[in-house]
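One structure is given here, and the rest of the page talks about it.
As the structure is a computational prediction, the values presented were derived from the model and not from experiment.
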Amino acid sequence: DTEVTQTPKHLVMGMTNKKSLKCEQHMGHRAMYWYKQKAKKPPELMFVYSYEKLSINESVPSRFSPECPNSSLLNLHLHALQPEDSALYLCASSPATSASYEQYFGPGTRLTVT
Amino acid sequence: GQSLEQPSEVTAVEGAIVQINCTYQTSGFYGLSWYQQHDGGAPTFLSYNALDGLEETGRFSSFLSRSDSYGYLLLQELQMKDSASYFCARRDSNYQLIWGAGTKLIIKP
């Protein structure tokens, strides 16, 4: 199984809502990543988890809160987002952070903040 | 710096060969990856070069020259389904991927 799954595929939320994005992989990978991608731009790293511990937080606003409940799951909790947060949110995994050059991406969640 | 430069757009004809170049700054360089992303889709890993030379995977090949701080992705026997954006990316000292801005490949019949 070389698949990373993400739910939901699409999400529309108001600025006062709280929602969560979910990501799952069953490849035994120990590094997991959250990215944000705007149209016609490369993915922008938000968070890195290594062995279920947050190892990198790229100065992301606190309205984004990551969580890694176990080695297969990664969540991104969203609260009080702004319209400029509308983007494609991608989850990815790699065997370890030392193998970050080869990442497997989920299909993404297309988020619209109204 | 650790930035990468690649052309914003390349146009080629179906059945032809196309090369997408990527230059990078040498500070803390560990290797060069290539990803493909179709419109509306997610990036897909294509290849990784840590050492100089050519890596071949089917119709796609990737080349690295560390002395020239340069790499390229070569796509042969182009098919319409190869129309996509192609990103080169490098790993930094914190094991993060630093991405190029992407090259949009347009294929004409």
- Heavy atoms only: give me the nearest A/Ile56-B/Asn94 pair and the separation to one decimal. CD1-O, 3.8 Å

- Item | Rounded distance (nearest 0.5 Å) linking atom OG of A/Ser94 with atom OH of B/Tyr95 | 11.5 Å

- Message: Count I, L, V, M, F, W, Y as connected when their side-chain heavy atoms are under 4.5 Å apart, and connections chain through other members. Are B/Tyr72 and B/Phe29 then in the same cluster?
- Response: no

- What's the verdict on side-chain contact (heavy atoms from CB on, under 4.5 Å) for B/Trp99 and A/Tyr35, showing C-alpha distance, side-chain angles and the deciding distance? CA-CA 12 Å; B/Trp99 297 73; A/Tyr35 288 89; 3.7 Å; yes

- Transitive ILVMFWY cluster of B/Leu51, excluding itself - 4.5 Å side-chain cut-off: none

- Message: Looking at A/Gln103, is its backbone amide N or carbonyl O close enough to the side chain of B/Tyr35 to form a donor-acceptor pair, meaning the two atoms are under 3.5 Å apart?
- Response: yes

- Under a single-linkage definition using a 4.5 Å side-chain heavy-atom cutoff for Ile, Leu, Val, Met, Phe, Trp and Tyr, are B/Phe60 and B/Val18 assigned to the same hydrophobic cluster? yes

- Message: If I compare all heavy atoms of A/Pro43 with all of B/Pro43, which pair ends up nearest, and what's the gap?
- Response: CG-CG, 4.1 Å

- B/Glu5 CD: over 12 foreign heavy atoms closer than 6.0 Å: no

- Query: Is the number of heavy atoms from other residues, nucleotides or ligands within 6.0 Å of CD (B/Glu77) greater than 12?
  - Reply: no

- Residues B/Gln96, A/Glu58; criterion side-chain contact (heavy atoms from CB on, under 4.5 Å); working and verdict: CA-CA 10 Å; B/Gln96 298 177 60; A/Glu58 285 291 327; 2.7 Å; yes

- Nearest heavy-atom pair of B/Gly41 and A/Leu88: which atoms, and what distance? O-CD2, 4.1 Å

- Item | Backbone N/O of B/Leu97 and side chain of A/Ser100: donor-acceptor pair under 3.5 Å | no

- Between A/Tyr89 and A/Leu45, is there a shared hydrophobic cluster once you connect ILVMFWY residues whose side-chain heavy atoms come closer than 4.5 Å? no

- Item | side-chain contact (heavy atoms from CB on, under 4.5 Å) between B/Phe45 and A/Glu102, intermediate numbers included | CA-CA 6 Å; B/Phe45 172 76; A/Glu102 183 175 353; 3.5 Å; yes

- Message: How about NZ on A/Lys38, more than 12 heavy atoms from neighbouring residues, nucleotides or ligands closer than 6.0 Å, or not?
- Response: yes

- Item | Cluster link A/Leu74 to A/Tyr104, ILVMFWY, side chain under 4.5 Å | no

- Out of curiosity, does B/Tyr24 fall in the hydrophobic cluster containing B/Trp34 (side-chain heavy atoms, cut-off under 4.5 Å, transitive links)? yes

- Among residues 105-114 of chain A, which residues come closer than 4.5 Å to chain B, judged by heavy atom distances? A/Phe105, A/Gly106, A/Pro107, A/Arg110

- Between CD on residue A/Gln37 and CD on residue B/Gln37, distance to nearest 0.5 Å: 4.0 Å

- Message: Counting only heavy atoms not in A/Asn70 (residues, nucleotides, ligands), do more than 12 fall under 6.0 Å from its CG?
- Response: yes

